[in-house]
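Take a look at the structure set out below.
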Amino acid sequence: MRLDKLLSNLGFSSRSQCRDMIKKGRVQVNGNVCRDMAVHVPDGARVTLDGKEIDTRTERCLMLYKPGGILTAAEDQRQKTVMDILPQQYRSLGCMPVGRLDKDTTGLLLLTTDGDLAHRLISPKYHVDKVYLAALDGEMTEEDERAFAEGIELKDFTALPARLEKADERLYRVTVQEGKYHQVKRMFGARGRKVLALHRCSFGSLILDEQMQPGEYRELTEKETAALYAAAGKAK
Ligand code: URA
């Protein structure tokens with residue numbers, strides 16, 4: 001990628017301001033001052049600004065502990081979105097949520113700059129498990145468990161088989177491989193139960209980091225990222 005584009009994509013102000021920084025000799029590539037804004041920066045090159053090293057990776061994957069009360073959307077005119085929680089740098093890089101959690105749903109939200117990876121992770125074709133904890137207004141029965149395992153029929157589609165397990169009193173763990181609009185709530189609704197609270201605990205091999213508090217985020221480790229790519233059948 002061109003040096004000026006790389007710097008602006010990484011969130012270091014506008015393209016013209018980045019060009020200015022380059023012209024002034026503030027940027028070094030692999031130890032040499034570089035005043036050529038159009039120079040191609042190879043992957044893994046060491047880039048510094050005013051002597052400070054810059055993280056030049058343009059592909060990023062993040063986990064966010066989504067708090068309740070905010071939208072999973074790239075932007076919204078009136079309401080706060082998950083993107084408002086993240087520093088500008090991630091938006092400049094094109095980080096987007098992988099699928100959606102409802103406004104009142106809490107827990108693990110994955111974000112990535114890799115649109116193809118996101119698409120695969122939410123496609124039922126790749127069988128990536130999403131595990132939720134649902135607090136209900138009553139108990140489920142063994143018959144409900146069987147109905148979930150067979151695939152709940154909803155108004156507009158039949159949900160793929162899902163696993164339902166009791167976790168505690170009126171608290172159930174449900175594992176699904178697809179993510180249609182309000183799907184989990186609608187599946188319980190079809191069995192006569194109301195979801196009072198919904199929390200996503202894991203997404204594929206990725207488990208919500210127990211050190212994290214609602215509203216916190218972190219980049220995935222190399223190992224976590226590799227496991228996600230493997231689950232999506234995609235080379236990294
Ligand atoms: N299913 C739902 O009903 N809501 C969510 O937020 C996620 C899955």
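Note that the numbering runs from 1 along the sequence shown for the chain. Just so you know, these numbers come straight off a predicted model, no measurement behind them. Numbering of ligands and ligand atoms starts at 1, following listing order.
- When only interatomic distances are considered, the shortest N/O to N/O separation between Lys180 and ligand 1 does not fall below 3.5 Å.
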Inset, instruction - Starting from the C-alpha separation in whole Å, work towards a yes-or-no answer on salt bridge (charged side-chain N to carboxylate O under 4.0 Å, His left out) for Lys234 and Asp116. - result: CA-CA 9 Å; Lys234 190 174 181 200; Asp116 178 52; 3.3 Å; yes
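- Geometrically, ligand 1 and Lys185 share a nitrogen or oxygen pair separated by less than 3.5 Å.
- Using modelled atom types and a 3.5 Å distance limit, the side chains of Tyr229 and Asp114 yield a donor-acceptor pair.
- For a threshold of 3.5 Å applied to N or O pairs, the pair formed by Arg186 and ligand 1 contains no separation below that value.
- No side-chain N or O of Tyr126 forms a donor-acceptor pair with one of Gln177 less than 3.5 Å apart.
- The Tyr132 neighbourhood of ligand 1 comprises atoms 7 (C), 8 (C), with distances under 4.0 Å to a heavy atom of that residue.
- Side-chain contact between Leu228 and Leu121: present, with at least one pair of heavy atoms (C-beta onward) separated by less than 4.5 Å.
- Contacts of Val195 with ligand 1, taken as heavy-atom pairs under 4.0 Å, are absent altogether.
- Salt bridge Glu216/Arg218: absent, no basic N to carboxylate O contact under 4.0 Å.
- At under 3.5 Å, not a single nitrogen or oxygen of Leu101, backbone or side chain, sits near a nitrogen or oxygen of ligand 1.
- Interface atoms of ligand 1 facing Thr105, defined by a heavy-atom separation under 4.0 Å, are 4 (N), 5 (C), 6 (O).
- Protein heavy atom at the shortest distance from atom 4 (N) of ligand 1 is Asp102 OD2, 2.7 Å.
- Under the 3.5 Å distance criterion, the side-chain polar atoms of Lys66 are matched with a main-chain donor or acceptor of Asp102.
- Shown here for Val98 and Ile122, the closest heavy-atom pair between the two residues is CG1-CG2, 3.8 Å.
- Protein heavy atom in closest approach to atom 1 (N) of ligand 1: Val184 N, 3.1 Å.
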